[in-house]
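Report on the structure given below.
Worth knowing before you read on, the calculation uses all heavy atoms, side chains too, and leaves out hydrogens, waters and symmetry mates. Counting convention: from 1, in listed order, for ligands and their atoms alike.
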Amino acid sequence: MNKDKIWLSSPHMGGSEQEYIQEAFDTNYIAPVGANIDAFELDLENYLGDGHVTALNSGTAAIHLGLILLGVKAGDEVLCQSMTFSASANPILYQGATPIFIDSELDTWNLCPRALEDAIVDRISKGATPKAIIAIELYGVPYKIEEIRIIADKYVIPILEDSAEALGSSYKGKRCGTFGEVSTLSFNGSKIITTSGGGAIITATKTLKERAVFLATQAKENAAHYQHSELGYNYRMSNVLAGIGRGQMEVVDERVGARRKMHEFYVDLFKEINGVSVYTVPNEDYYANYWLTAILIDSAQTAGITNETIRLKLLEENIESRPLWKPMHLQPIYRNYPYYGNNIAETLFNKGLCLPSGSNLSNEDRVRIKFVFLNLFRVQKNI
Ligand SMILES: *Cc1c(COP(=O)(O)O)cnc(C)c1O
């Protein structure tokens, strides 16, 4: 194989990241404190338009801290969308709490309001109201923001909005990352913007932000000898990496635009191919960054071609693609926890595939991708 690899989603620098990193070196703030962190947080706050941002060293840390801020303790139950990356659910176990997995619905592939309410009613009848709802915006598509909010408020359960994949997405003009009692972002290498590794937690008040910073910096109280009354964590973002984040925030809109262009490219491509549909928002209230473009393959209409056939064909051409997130309730580590739903997530997983979606893909890359599909579906298309 001599062609360059086409990645699913790879880092895409803007250009000024190294200048901000240089500032950290020049001022010798090679530490989890400094001007880049403050400025990166401010950039994010301005971009989101609501909330107080605390920069952390991963999205996973942000979710863990979010659960702590929401008061989740050992023995509590936490509702979580089953179809997601494991990092959404693992912090529930870090807290010694119990995950209760909820199915997806077909419009947004996110939390199914009916399964969510069924689960809440059933858990309450079994003796305990769940402590939090972890709602995901899968591949950048907002969940049913209003329906889920109504249920959360009805049973007085706070939402932890995991917007790791949804920076730049919005619902009715309001940005994802502002819909939860706490919301979280990730700046992992594969995400919309990256700091190589990093994350953030968004809280409604400055007081909660101060609390997040306190817990993320070992819960050191104000004393020369480092007094501790509470369990702390080492979760703060490095000032060096926040420099990358500042550079990335200068180009975030371009990055979202380029991902959405990739989505359009696939919508065009599959218009002419029977049995393949592109995961798309249900109506114009929803605005997705399309972090990853995903497709569903109905093999009854594709002469037996499946998601796996496509994945392997792409791989032969050195093009990366990936199955959808395997639902958590089907994962060996989580299989014995309660699950509520009708196997929608499982069906999506069995038929779906994520395609190369990076903001740095070239025309030549698109031609190579298109070529694989046109070849594969040649019989159907009579070419
Ligand atoms: C990437 C991701 C995370 C974790 O973020 P890290 O920064 O890698 O720790 C959490 N949830 C979802 C849905 C993700 O895609």
Residues Glu19, Arg246: salt bridge by 4.0 Å N-O rule: no

Per-atom filter on ligand 1: closer than 4.0 angstrom to a heavy atom of Ile63 are 10 (C)

Heavy-atom nearest neighbour in the protein, as seen from atom 8 (O) of ligand 1, with distance rounded to 0.1 Å: Asn188 ND2, 2.8 Å

Residue part near ligand 1, for Ser58, under 4.0 Å between non-hydrogen atoms: both

Considering heavy atoms of the protein only, find what lies nearest to atom 11 (N) of ligand 1 and give residue, atom and distance to 0.1 Å. Asp162 OD2, 2.7 Å

Within-shell test, Ser190 vs ligand 1, heavy atom, strictly < 4.0 Å: no

Residue, atom and distance of the protein heavy atom nearest atom 15 (O) of ligand 1 read Glu165 OE2, 2.6 Å

Atom 4 (C) of ligand 1 has as its nearest protein heavy atom Ala87 CB, 3.5 Å

If you measure every N or O of Ser186 against every N or O of ligand 1, does any of those distances drop under 3.5 Å? yes

The atoms of ligand 1 lying under 4.0 Å from a heavy atom of Thr84, numbered in the order shown, are 13 (C)

Check the surroundings of atom CD in Glu364: do more than 12 heavy atoms from other residues, nucleotides or ligands lie under 6.0 Å from it? no

Region of Thr60 that comes within reach of ligand 1 [heavy atoms, distance under 4.0 Å]: both

Would you say that more than 12 heavy atoms from the other residues, nucleotides or ligands in this model lie under 6.0 Å from the OH of Tyr334, or not? yes

With a 4.0 Å cut-off, would you call Asp50 and Lys174 a salt bridge? yes

With distance as the sole test, does Asp122 use its side chain to make a donor-acceptor pair with the main-chain N or O of Asp118 at under 3.5 Å? no

Between Glu308 and Arg311, does any NZ, NE, NH1 or NH2 come within less than 4.0 Å of an OD or OE carboxylate oxygen? yes

When the ring planes of Phe270 and Phe373 are compared, do they come out parallel, tilted or perpendicular, using 30° and 60° as the limits? perpendicular

Heavy-atom contact under 4.0 Å between Gly199 and ligand 1? no

Mind checking whether Thr184 contacts ligand 1 via backbone (N, CA, C, O), side chain (CB onward), both or neither, at a 4.0 Å heavy-atom cut-off? neither

Ligand 1 to Gly59 polar contact by distance, N or O atoms, under 3.5 Å: yes

May I ask you to decide if the ring planes of Trp325 and Phe85 are parallel, tilted or perpendicular, using 30° and 60° as cut-offs? tilted

Tell me if a side-chain donor or acceptor on Asp298 pairs with a main-chain N or O of Val276 at a distance below 3.5 Å. no

With a 6.0 Å cut-off on ring centres, are His64 and Tyr233 close enough? yes

Is any N or O atom of Trp291, backbone or side chain, closer than 3.5 Å to an N or O atom of ligand 1? no

Distance filter under 4.0 Å to Gly198 heavy atoms, resulting ligand 1 atoms: 7 (O)

May I ask whether Glu137 places a heavy atom under 4.0 Å from ligand 1? no

Between Thr178 and Leu48, the two heavy atoms sitting closest are CG2-O, 3.8 Å

Do any nitrogen or oxygen atoms of Trp325 come within less than 3.5 Å of a nitrogen or oxygen of ligand 1? no

Measure the distance from atom 2 (C) of ligand 1 to every protein heavy atom, then report the residue, atom name and distance (to 0.1 Å) of the closest one. Lys191 NZ, 2.6 Å

